[in-house]
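Computed from a prediction, not measured in an experiment: that's the story for all the values here.
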Amino acid sequence: MSMYGQVFVKNNQYKLKGVFHHLTPNTPIRNADDGWKLMGVTNPRDMTYIHSYGGEAIFFESLSQGKLLATRCDNPDCETSGTIYIPFRIHCPDCLAKNTVIDLTDIAKKTARVHTFMTCARSGAFNLLDKPIRFINIEFDGVATILMSYLSIGDPTIGMKVVPIFKTCGPTFTILDLSWVPKGTGQGQLPEGFSF
Amino acid sequence: MITFSKQQLKIPQLQRPVYLVTAGQSKFDRAFPDKRIEELCIDAFTMAAGLLDISPAELKRYIHSCYYGHFADHFGDQLLGESVIHDRLGLDPLGNVGVKTGGATGGSTIWEGMKAVASGYSDCVLVMGWERMDEVPTDEGNFLISCAADKDWESPLGHIYTGYYAVMAQRYWQIFGKSEESFRKTLAEIAVKHHGYARFNPFAQSPMKITVDDVLKSPIVAYPLRTLDCCLMSVGAACTILCDEDTAVKLTKNSKNKPLRIWVAAGSHTLRPADRRDMAIPLLPHETADQYKDLGERFPGGERYPGFTGFLAARMAAYYGYGMAGITNPMEDLDVLELHDAFTISDVQTYEDIGLRPYGYGRNYVESGDCYHTNPHTGKPGKLPSNLSGGLIGCMHAVGATGIMQTFEIATHIWDRWAEIHGDAKLWQQFNREKPEDWTNLQVKGAKRGMAISHAGVGSHVTSTILMDPDHLMKKDA
Ligand SMILES: [Zn+2]
């Protein structure tokens, strides 16, 4: 058994452990209608990427701790100073100053509502969510943007009040650690590993 | 609230007029197990030369630089695929560059070619686009397409791009469509129209004689959208040749192709719809701010612009394009359109973004019959027919080629060569497709001006390509 490729950082260098790609043989593609003549070949490939979250790392770490972070431009000279962004923006899109990281968890718990949604029966390869996927786009009081995420319980409607839940047990450290449930949902109903 | 500076809103200015002299395309299909993409590119190029009644080798002698549109490197598993095509076309050592802007790649590639001629860098350029999406299975293909969304904030959510797009459709459906059954039928009529027009197009991948009922009974992809509401996944190539006035005259000397004036403009918007911020509606020449003052009262929930219901990039592409070409009202000034009908509902959204109807009333463009070749209510020519090729729903969406296919279509109308090309029995036979008994000539009679809209994903890039008969310009100094 080969070990999954794993990475840590030491002295600001990536340190790699385990296997980052797996070998599978090529096979010919032949034409069943024409004497099995050669048409092409398969090119299998399975490999693991190494990806830096950079200045957004704190956002993904915080999800696993039950916190929803956003950012705000506090540059007094900026035309849009005070604007709050989620998705988390490291820099203000207007003045490009470094934004202040803020905790949006309370505002989300109190004011989050569904701006729009879609229930989607299909998915692409490597999907980890249960189907149908209930995509929701969430507005918050005082926030300029509309966050995309997914609803874990119930059927979404426009205007529905929702609250965030976090995968604090066995987190994936991806955006999947953040999900939403209708306001009033009890802890006992949450999917495995999630808490308020 | 976002505002734009005067400098940003400047109407683009070309240094000299640019002409489109010819175009060509390959057959479009879901898969080509027997052809490499370069073979399809050579088909397209050979056709473009043929329409000028010259050989490919002769045409190549005029070309000075090349612009290649190909979006998804990872589908083809080949970086610098542009370089492969350039070599196979035998165009070394000319300068060439690859362009990629998602679904708008075709339009953006023409945009680049136009600028090269307008600036004087080149007197004649090749613009060629293609896509190959048949070399991975559908699930893996959906995964690869979802890589065009934000890899940390969106793609992990199901790796299904349709889902990211469909939330916008849902909002439009409920706020502006008011979830009305009548609106759902109007959307279905667009699918019927585009699959139906595809029947008369030998290049088209999905010709179908269907009814509104068939569309409404097709499997749900993402409610209210069904399979027949969605664009195709295609393989194919398309190209066009742009040049300055002298070269245009020389190249068209023995041809039925008249050099057509061309303008291309582009707009953009956030890759993640989540990042969209509110702004006032940028106005087109025939609109007033007053008309949108009570939009939120007429369509409760519709007060946020662009929100998730408008495509700012399309609005800006129209704003710049209309300004360059002197268009003051697209419904009056244009004769034929090709729109980016990724989904029936986004087709309707685009009608509003480009000013065919005011925001909130896009459906009327279909319901009035204006969008048809022949208005079904009056039996007379439609006021501004769109997607007579079949569009992305009926003809193809071979991403890098799409915007060029649309432009080819518009040109054939203005050249008055639509019937000659689309009705050619030899072409039908060569593509192994059956020309229908009731084949109908969709030539827009007397077409002098047209436009194609090329659009990426959730609206990150949009281009407007405007073509005009040089004897029927909207303004002298355009
Ligand atoms: Zn700022």
Side-chain angles (χ1 to χ4, degrees), chain A residues 29 31 34 37 39-40 42-43 45 49 51 53-54 56 59-60 79-80 83 85-89 93-94 114-139 144-150 156-159 172 174-179, chain B residues 1-3 33-36 77 135-147 149-175 179 219-225 270 272-278 301 304 307-309 458:
Chain A
I29 300 169
N31 190 346
D34 190 12
K37 275 188 199 149
M39 303 288 283
T42 64
N43 282 324
R45 192 168 314 135
Y49 280 75
H51 173 48
Y53 277 144
E56 292 183 7
F59 171 85
F60 291 98
E79 232 175 57
T80 57
T83 303
Y85 301 97
I86 187 163
F88 192 98
R89 293 185 83 102
D94 293 330
V114 172
H115 180 74
T116 183
F117 67 92
M118 182 58 71
T119 303
C120 193
R122 299 185 182 184
S123 69
F126 307 107
N127 169 48
L128 295 170
L129 294 177
D130 291 335
K131 286 191 277 188
I133 302 168
R134 287 154 291 184
F135 290 107
I136 54 170
N137 305 76
I138 307 144
E139 18 174 284
T145 53
I146 300 169
L147 179 70
M148 172 143 129
S149 189
Y150 67 105
T157 53
I158 289 180
T172 63
T174 70
I175 197 69
L176 301 183
D177 289 348
L178 172 67
S179 182
Chain B
M1 181 75 81
I2 294 190
T3 55
D34 59 339
K35 289 211 176 198
R36 293 176 75 91
D77 196 15
E135 299 209 317
V136 290
T138 305
D139 267 12
E140 285 73 8
N142 277 326
F143 169 80
L144 293 181
I145 292 169
S146 81
C147 294
D150 185 291
K151 70 189 256 182
D152 292 326
W153 291 78
E154 297 175 321
S155 317
L157 298 164
H159 297 291
I160 181 80
Y161 202 91
T162 320
Y164 320 146
Y165 203 106
V167 293
M168 306 169 74
Q170 179 70 251
R171 181 86 187 172
Y172 187 90
W173 161 250
Q174 292 204 23
I175 302 295
S179 307
I220 287 187
V221 173
Y223 183 85
L225 297 177
T270 62
R272 298 181 294 217
D275 294 312
R276 294 177 167 200
R277 290 186 284 164
D278 296 357
R304 274 182 99 151
F308 271 31
T309 50
V458 290

Review point. Looking at B/K151, B/E135, B/R276, which one has more heavy-atom pairs under 4.5 Å with chain A than the rest?
Key: B/K151

Point to revise | Shortest non-hydrogen separation from B/P33 to A/M39 and the atoms involved | key: O-CE, 3.5 Å

Exercise for review: With rounding to the nearest 0.5 Å, note down the distance linking CG in A/N127 to OG in B/S146.
Suggested key: 9.5 Å

Point to revise | Interface moiety of A/I133 toward chain B, non-hydrogen atoms closer than 4.5 Å | key: side chain

Point to revise | Option in B/R304, B/M168, B/R272, B/Q170 with maximal non-hydrogen atom pairs under 4.5 Å from chain A | key: B/Q170

Check your understanding: Should B/D275 and A/P87 count as side-chain neighbours, where that means a heavy-atom distance under 4.5 Å?
Key -> yes

Review point. Of the listed residues (B/N142, B/D77, B/D278), which shares the most heavy-atom pairs with chain A below a 4.5 Å separation?
Key: B/D77

Review point. Looking only at heavy atoms, what is the nearest atom pair of A/I86 and B/W153, with distance?
Key: CG1-CZ3, 4.5 Å

Check your understanding: Do NZ/NE/NH1/NH2 and the carboxylate oxygens of A/R122 and B/D139 come within less than 4.0 Å?
Key -> no

Exercise for review: Can you measure from CG (B/L225) to SG (A/C120) and round to the nearest 0.5 angstrom?
Suggested key: 10.0 Å

Point to revise | Residue, of B/D152, B/V221, B/I220, that accumulates the most heavy atom pairs under 4.5 Å with chain A | key: B/D152

Check your understanding: By a 4.5 Å heavy-atom criterion (distance strictly below it), what part of A/T119 contacts chain B: side chain, backbone, both, or neither?
Key -> backbone

Review point. Would B/E154 and A/I175 count as a side chain to side chain contact (heavy atoms under 4.5 Å, CB included) if you check the C-alpha gap in whole Å, the side-chain angles of each, and the deciding distance to 0.1 Å?
Key: CA-CA 8 Å; B/E154 297 175 321; A/I175 197 69; over 6 Å; no

Point to revise | N-O pairing of B/D34 and A/K37 below 4.0 Å | key: no

